[in-house]
Amino acid sequence: MAVDPQNPGAGEPWAIRVSAAAREQKAARLRGAQTAVSLAVADASGPGWTGDTQTAFTGAIATTTPDLVLLADGLEAQAAALRSYADQVQHIKDQQTALEVRRDDLDGSLATARAQWLQATQEANGHYVTDQVAARRADALSRDIGDLKDDIAGVAAGWDGLVADRARADAVCVAALSTPAVLGRLAVFAGAITPSGQKLLDLLTGLSATDLKALLTARPDLLEGLAGADAEAVARWWSGMNGTGGEISAAQAALILLAPRVIGNLEGVAYRARDQANRMVLEEELAAAKAAVSAAEEMPSFWDMLLGGERVMNAHALEYAAARERLEHLRGIAAALAVVSSTGPRSLVSFSGGPPALGAVAISDLDTASTVTFAVPGMGSTGAGMLAWATSAENIYVGQARLDGSAQHAVVAWIGYEAPGVPPTGGFGVLGTELASAGGDRLASALQGFDAVRTDQPRLNVLAHSYGTTTSAFALTQPGVHVDAFISIGSAGLPAAVTSAGALHATEVYAGQAQDVIPFLEAGSGDQWAWVGRGSTAHPVNPIDVEFGATRFGVDGGAGYYAVTDHSTAVSAGEGYGYLDLGTESLENVALAAVGAGQDVSAYADPGLTDLQQAWIDSLTRGGAPYVR
Amino acid sequence: MADLVIDGALLRSVADRVTTAAAEIALDASYSASLDAELGSSAVASALRDAGIQQRVRADAVAHSLLEVGASAAASAAAFEQTDRRLSGGL
């Protein structure tokens, strides 16, 4: 910070010395504590106590010694720096006082001289004769004025010198307060420069739990510099801190506790750690959302309503609706996490409070599973629907486990992007690719993060439904992204540029598509919306087309399985079947593809047109004659 | 496993020393207070405050560790003596 040019001697040297003395005294007490601890260790190391507990005791004490020494050293170094600083400030303050007195004197003399010069000049230039004496006096005063101005300029230069001296003193003191003697290994973080990316990872590497707590308490936003860091580098950094047997270490626990919003979404961090961090943030967000709803339930004041009328009431209604919606989204994610299932505990592997709240709930353990499937939903997906989507994800898991019980599976209910709303109330974003492109970037990042964490290369799949296939296509065409299988169901169309399965970075590409049916008129007999989505010029590619080159599988029922009767993935019991409902041919084939048994999927048979569709075509081709069956 | 020898009085003495030391370590809020007016420089005040925040966290961590260690020593002494009494009572 710049020195105040009006007051280079700002500050109270006596108060600075008091602070220095307090630090010296505290340092002495810390030295005393250190001695007491050393004596305790010496006592504990004698013949009166041996065994594992004694070993653990002395070991635990030993870990505190470096921090104790650093604290005492640091306080002494601060005291020395502050004493020196107080002396310099005092010196500058004294000089400043002297200059102020001198400047006041000179200003007074100048004013007097100017007044005398004006008088002498008037006397010298009379109306009829020139007063030679007065003229000489005016000349002399003029010279005096010049000298006084020179002196005042000298004072100003001296003042500038004091400002420069203070700036130097400040800089020296700041440097002395930021040395390793004071801050230990954290000295590299001193100053206004905020490191990021690889540089930040390098600086963080090797810091103890105590160092990390101290650093992040002082600079809570520091880890935000890791956003976008290379996932593989993050994975190396994170796993380098692992505790015994891969458990979460004290250093990792400190990072989770102090920067949960960063750690919970940092690609490259182990998923169990991300789960811990994200659950903490979810709790915070839920509490905030509940408070927001309570606040929004309060009616505007009488005077606000009277003066603002309908405008105020509308604004209040919108605020209330937004608060309720946000709470519903968060509660949906919490509900999906709370499910107790035979598939084991679920984890929140990514989360952001939004709005809109986004998250990914993993069924089973992403850190250890040998087959992992990211399930990407389509239009209308929000946090509020996480419970249902996680149920669909669990259905896939159950199908996989039945087909291959020897492997450990995991499925991620990934609502990690802002999906388009359902038209017309939700807008017509579903016809464009803006949200799919943005979502694709996020999905690509998640997949790359998975590759970085799981260097043992388990089987990795993406299962996508409806507009989720559009989103996934954006992810799977990015450099550095590759999956073992991409499975498309009820596709709302892939981007126009993705003309074949070969364009996707997937070893295997599968597609399942129910009978295209007319919305409302043929409800309950097939997929009424996917073909509408593929009508978009932005994402017209149908992966079920033969020329696309995917392995096509059946979903219309066969071999004792249920047929898909709706575009959705889950349909209420008794009202038909969605693509991921239990007992469907669709789910069976998805599970087969996910476990790597794609050769066993049931074949797709083009269902052709429905009777009604054929009738309409016939009617049109006969010039509008009515269809008679 | 190391041979087990425990002097209960020694453990309590050790625990007491460590616990007393821990109480000396904490730094109060004055170490991380804003001293802009006293120092006359926001840059120096900021550096001192940042360092103070870190020192207070470090001091708390050290004190917490020592208290835990001291408690474990005291608990060991108590557990040993209790076991010793129970065993001797059975003879």
Side-chain angles (χ1 to χ4, degrees), chain A residues 1 3-4 7 9-12 15-16 19 22-23 26 29-30 32-34 36-37 39-40 43-44 46-57 60-61 63-64 67-68 70-71 74-75 78 82 85 89 166 170-171 173-174 177-178 182-183 186 190 209-210 213-215 217-219, chain B residues 1-11 13-18 20-25 27-28 30-33 35-63 65-66 68-70 72-73 75-77 79-80:
Chain A
M1 297 298 164
V3 174
D4 179 0
N7 187 16
E12 301 295 346
I16 299 172
S19 290
R23 280 166 170 76
K26 187 67 186 182
R29 287 204 294 281
L30 287 174
Q34 188 189 339
V37 169
L39 289 171
D43 286 350
W49 187 18
T50 62
D52 291 343
T53 316
Q54 186 273 344
T55 306
F57 175 87
I61 291 261
T63 62
T64 65
D67 285 319
L68 257 179
L70 175 59
L71 280 168
L75 288 166
Q78 284 176 323
L82 289 173
Y85 186 61
V89 172
R166 181 60 187 266
D170 287 357
C173 189
V174 167
L177 292 173
S178 310
V182 176
L183 300 176
L186 304 185
T210 304
K213 283 180 195 165
L215 177 64
T217 303
R219 299 185 65 178
Chain B
M1 179 184 286
D3 291 339
L4 180 63
V5 176
I6 293 180
D7 175 342
L10 170 70
L11 256 66
S13 159
V14 163
D16 192 44
R17 265 204 179 125
V18 170
T20 304
E24 284 291 313
I25 291 169
L27 300 178
D28 63 40
S30 68
Y31 288 88
S32 57
L35 298 176
D36 292 58
E38 291 89 335
L39 292 163
S41 162
S42 55
V44 175
S46 175
L48 191 62
R49 185 172 55 250
D50 285 353
I53 291 170
Q54 293 184 13
Q55 288 169 319
R56 290 186 68 198
V57 173
R58 195 178 297 281
D60 284 348
V62 171
S65 296
L66 289 177
E68 272 192 345
V69 171
S72 75
S76 294
F80 174 76

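The shown structure was predicted, so the numbers you read here are calculated from the model rather than taken from an experiment.
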Got a second to check how far [X]'s [atom1] is from [Y]'s [atom2], nearest 0.5 Å?
| X | Y | atom1 | atom2 | result |
| --- | --- | --- | --- | --- |
| B:Leu27 | A:Arg23 | CG | CZ | 9.0 Å |
| B:Gln54 | A:Leu71 | CD | CG | 11.0 Å |
| A:Ser178 | B:Asp50 | OG | CG | 8.0 Å |
| B:Leu10 | A:Gln54 | CG | CD | 9.5 Å |
| B:Leu39 | A:Leu177 | CG | CG | 8.5 Å |
| A:Leu186 | B:Arg58 | CG | CZ | 5.5 Å |

Notebook entry, point to check: Can you find a heavy atom in the side chain of B:Leu48 that is under 4.5 Å from one in the side chain of A:Leu82?
Noted result: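 Result yes, sub-4.5 Å side-chain heavy-atom pair found.
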Next item on the list: Side-chain contact test, heavy atoms from C-beta onward, threshold under 4.5 Å: evaluate it for B:Ile53 versus A:Arg219 and give yes or no.
Entry: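 They are not in contact (no side-chain heavy atoms under 4.5 Å apart), so the answer is no.
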Is [X] in contact with chain B via its backbone, its side chain, both, or neither, using a 4.5 Å heavy-atom distance?
| X | answer |
| --- | --- |
| A:Leu70 | side chain |
| A:Thr217 | both |
| A:Ser19 | side chain |

Item checked: Criterion side-chain contact (heavy atoms from CB on, under 4.5 Å) on A:Phe57 and B:Leu11, from CA distance to verdict -> CA-CA 11 Å; A:Phe57 175 87; B:Leu11 256 66; over 6 Å; no
Pick whichever of [options] has the most heavy-atom pairs under 4.5 Å with chain B.
| options | value |
| --- | --- |
| A:Thr210, A:Asp43, A:Leu68, A:Leu215 | A:Asp43 |
| A:Lys26, A:Gln34, A:Arg166, A:Gln78 | A:Lys26 |
| A:Leu39, A:Asn7, A:Val89 | A:Leu39 |
| A:Ala218, A:Ala209, A:Ala10, A:Ala214 | A:Ala214 |

Shortest non-hydrogen separation from [X] to [Y] and the atoms involved:
| X | Y | value |
| --- | --- | --- |
| B:Tyr31 | A:Ala22 | OH-O, 3.4 Å |
| B:Val14 | A:Ala44 | CG2-N, 4.1 Å |
| B:Gln55 | A:Gly74 | NE2-C, 3.8 Å |

Notebook entry, point to check: Given that the side chain runs from C-beta out, which part of B:Ala21 has a heavy atom under 4.5 Å from chain A: side chain, backbone, both or neither?
Noted result: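 Interface part for B:Ala21: both.
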Checklist line | Proximal component of B:Ala51, with respect to chain A [non-hydrogen, under 4.5 Å] | finding: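 Looking at B:Ala51, backbone and side chain both touch chain A.
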Note to self: Below 4.5 Å, heavy-atom pairs only: which of B:Gly40, B:Ser46, B:Ala61 has the largest tally toward chain A?
What the structure shows: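 Highest number of pairs under 4.5 Å: B:Gly40.
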Next item on the list: Count the heavy-atom pairs under 4.5 Å between each of B:Thr20, B:Asp60, B:Leu66, B:Val18 and chain A, then report the option with the highest count.
Entry: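 The residue among B:Thr20, B:Asp60, B:Leu66, B:Val18 with the greatest pair count is B:Leu66.
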Next item on the list: Check step by step if side-chain contact (heavy atoms from CB on, under 4.5 Å) holds for B:Ile25 and A:Leu30.
Entry: CA-CA 6 Å; B:Ile25 291 169; A:Leu30 287 174; 3.9 Å; yes
